[in-house]
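Both counts, for ligands and for their atoms, begin at 1 and track the order of listing.
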Amino acid sequence: MNNWAKLQKLADAGLPTLSEIFAGDANRATRMSFQVGGMYADFSKQRITPDVMQALFALAEDKNVVGKRADLFAGKPLNFTEKRAVLHPALRGSSTDKSIQKLVKDMRVRTRKFAEDICAQGQYQAVVHIGIGGSDLGPRLLADGLRANGSPALDLRFVNNVDGASINDALVGLNPRTTLVVIVSKSFGTLETRMNSEAARDWLGQFAGDNMIAVTANKDGAVNFGVDPAQIFEFWDWVGGRFSLWSAVGLSLQLAYGPDMFDDLLAGAASMDGHFQAAPLEKNLPTMLALTDIWNTNFLGYKTRCVVPYARRLRKLPSFLQQLEMESNGKSVATDGGASVDTSPVIWGGEGANAQHAFFQQLHQGTISAPVDFIAVLTDAENRPAHHRALLANCFAQSEALMCGKSETVVRAELKAKGMSTPDIDALAPHKTFPGNRPSTTIALNRLDAHTLGALIALYEHKVFVQSIIWDINAFDQWGVELGKELAGTILGELENGTDNQHDSSTSALIALARNHTPS
Ligand code: F6P
């Protein structure tokens with residue numbers, strides 16, 4: 001029997017509950033927790049028995065995770081539908097290819113110098129970063145995350161959506177003379193970024209020549225747009241958009257927080273690269289994260305996963321991971337062109353503790369629940385120790401509550417002790433009962449700084465890669481985003497020019513509705 005079938009059999013046979021598993025294994029938390037760099041990861045609250053764990057590791061071996069991992073770092077063309085290597089680890093120094101090393105080093109030197117010069121000149125007060133998807137989500141997450149160590153030197157603002165509110169809000173109160181606009185687009189052809197860049201160029205007016213820079217893999221596109229070639233920072237087709245924040249895409253962060261911080265970020269990611277490459281599968285954090293998610297998705301039937309950072313400055317992590325995981329592994333075609341097994345769960349989440357007062361009700365008692373990734377930070381960066389203890393207490397309490405639940409017997413005893421009558425207890429007890437046995441992983445960072453943030457993001461990048469190997473899909477293309485772009489282009493023409501194309505009756509009616517609408 002192969003390991004996939006073996007895992008299915010173990011799931012079908014039924015598992016002991018998490019509370020039972022813990023009761024029978026005094027060392028479970030120790031055995032299933034890992035300390036890597038500045039990070040502690042506890043997988044013990046996953047519904048995984050030793051048999052399941054063994055079969056998951058055997059599955060990873062069968063699928064040649066070790067060999068594919070070597071291929072990734074060696075720059076093999078793993079993105080086979082686009083015939084491209086996948087070398088984002090090279091951006092943090094994790095490549096042995098001398099020519100790639102040189103490209104990366106030269107760009108690193110150039111962006112550092114640019115950031116230092118800007119800082120020394122003191123001409124700018126604000127940076128407006130324009131980009132979307134991978135050209136936005138990583139820098140935006142980090143712009144918040146890095147605030148834990150101090151305020152940015154420049155007012156860093158982001159523009160992503162084609163909704164005019166995005167650029168309008170970003171420009172409020174800024175002076176074109178003292179604002180540097182950073183256009184980030186790998187393709188330099190993305191509609192949203194294009195329109196926002198045009199608006200920013202108009203707004204800059206006479207300052208557009210000096211105060212507009214571009215980060216792109218399409219230098220010609222940026223030149224044609226009017227960016228001075230000396231102000232273009234390139235990256236390469238072997239860097240996927242959602243893996244690109246380590247490249248010049250992170251330039252706005254260097255401008256706001258300084259190049260040393262960026263080096264720390266890269267070093268943190270490089271330390272995770274080193275761990276991922278060297279650690280045996282059983283002690284390998286990205287592999288553990290991947291395997292537990294596969295167990296939940298493919299064998300326990302969970303179709304979503306919830307990400308809850310108990311850190312305000314990481315509140316954009318769920319959005320970042322939505323792109324990283326769902327754009328990478330939201331696929332249904334296997335490498336041979338046939339149908340794949342179930343792939344990425346839907347990723348969603350929110351900021352803890354706020355989320356407790358919103359959707360946690362359903363996680364605890366709903367008919368449809370989800371495994372949770374809890375992210376905690378051990379060091380208080382805000383000099384509010386009481387707040388910080390309360391934040392951590394809430395985080396740890398949630399995973400405990402999800403796992404242990406509260407039996408009806410306990411609920412009844414509590415209500416009785418409060419003097420409630422038996423009929424009232426009968427009516428209320430079922431509503432106050434928690435089923436428990438709901439899985440979670442907790443990742444605790446020692447502190448929130450550039451190094452641990454780099455390691456955390458690289459952890460999830462490699463987790464996504466391991467899953468793609470086991471699911472036998474290409475994690476590095478994104479053909480699924482193209483059809484909507486094409487159709488939007490057609491409809492935009494119809495809205496602008498009043499031309500008509502063939503649509504279904506619903507879409508035609510919506511187009512007519514927008515065309516015939518008169519502002520009220
Ligand atoms: O639409 C999806 C996507 O292609 C992402 O993969 C990418 O990160 C984003 O658009 C932005 O693309 P670009 O950097 O080329 O503007």
Side-chain angles (χ1 to χ4, degrees), residues 78-79 81-88 91 107 128-143 158-163 166-167 170 181-201 212-225 227 232-253 316-331 343-344 347 457 460-461 464-465 468 473-492:
L78 294 182
N79 179 358
T81 59
E82 297 179 296
K83 300 192 173 49
R84 288 179 185 165
V86 181
L87 271 170
H88 50 275
L91 299 169
M107 183 53 65
V128 173
H129 176 118
I130 300 176
I132 197 165
S135 296
D136 166 68
L137 289 159
R140 194 184 274 265
L141 164 69
L142 287 166
F158 290 87
V159 179
N160 48 17
N161 201 347
V162 74
D163 182 334
S166 188
I167 180 99
V181 170
V182 182
I183 303 169
V184 183
S185 177
K186 181 177 173 187
S187 59
F188 223 85
T190 303
L191 175 80
E192 296 87 338
T193 303
R194 181 92 192 174
M195 292 185 84
N196 282 323
S197 303
E198 283 164 3
R201 188 180 56 191
M212 189 170 66
I213 68 170
V215 179
T216 186
N218 174 10
K219 189 172 180 186
D220 291 346
V223 171
N224 290 338
F225 183 77
V227 185
I232 297 174
F233 296 84
E234 282 182 273
F235 62 110
W236 309 276
D237 70 356
W238 40 264
V239 182
R242 53 192 172 275
F243 302 90
S244 64
L245 70 93
W246 322 100
S247 69
V249 168
L251 184 56
S252 307
L253 299 168
K316 292 180 185 140
L317 185 65
S319 313
F320 174 80
L321 292 181
Q322 272 176 341
Q323 191 203 19
L324 181 64
E325 301 208 23
M326 294 168 75
E327 194 167 74
S328 297
N329 285 340
K331 310 282 166 68
T343 57
S344 180
I347 309 298
I457 296 171
Y460 276 97
E461 284 181 350
V464 161
F465 169 64
S468 74
I473 54 176
N474 182 357
F476 302 109
D477 59 11
Q478 58 283 319
W479 300 106
V481 302
E482 296 304 325
L483 178 59
K485 286 186 195 170
E486 259 173 53
L487 296 180
T490 307
I491 295 173
L492 182 58

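Close contacts between ligand 1 and Val481 involve ligand atoms 1 (O), 2 (C) [criterion: under 4.0 Å to a heavy atom]. Remark: ligand 1 atoms within the under-4.0 Å shell around heavy atoms of Gly133 are 8 (O). Applying the 4.0 Å criterion to heavy atoms of Ile132 picks out, from ligand 1, the atoms 9 (C), 11 (C). Near Gly134, the atoms of ligand 1 lying under 4.0 angstrom from a non-hydrogen atom of the residue are 7 (C), 8 (O).
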Evaluate the criterion side-chain contact (heavy atoms from CB on, under 4.5 Å) for residue pair Phe188 and Arg194; output intermediate values, then yes/no.
CA-CA 7 Å; Phe188 223 85; Arg194 181 92 192 174; 4.2 Å; yes
Does Phe476 form a side-chain contact (heavy atoms from CB on, under 4.5 Å) with Thr81? I'd like the steps, not just the answer.
CA-CA 9 Å; Phe476 302 109; Thr81 59; over 6 Å; no
Please step through side-chain contact (heavy atoms from CB on, under 4.5 Å) for the pair Asn474 and Asn79, ending with a clear verdict.
CA-CA 6 Å; Asn474 182 357; Asn79 179 358; 3.0 Å; yes
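For atom 15 (O) of ligand 1, the nearest protein heavy atom (residue, atom name, distance) is Ser187 OG, 2.6 Å. Among protein heavy atoms, atom 5 (C) of ligand 1 sits closest to Glu327 OE1, 3.4 Å. The protein non-hydrogen atom at the shortest distance from atom 12 (O) of ligand 1 is Thr190 OG1, 3.4 Å.
We find that Lys331 and Asp477 are joined by a salt bridge, their nearest charged nitrogen and carboxylate oxygen being less than 4.0 Å apart.
Distances from atom 1 (O) of ligand 1 to the heavy atoms of Lys485, Gln323, Gln478, Glu192 show the closest one on Lys485.
More than 12 heavy atoms of other residues, nucleotides or ligands shown are found within 6.0 angstrom of CE on Met107.
Glu82 and Trp479 share no side-chain donor-acceptor pair at under 3.5 Å.
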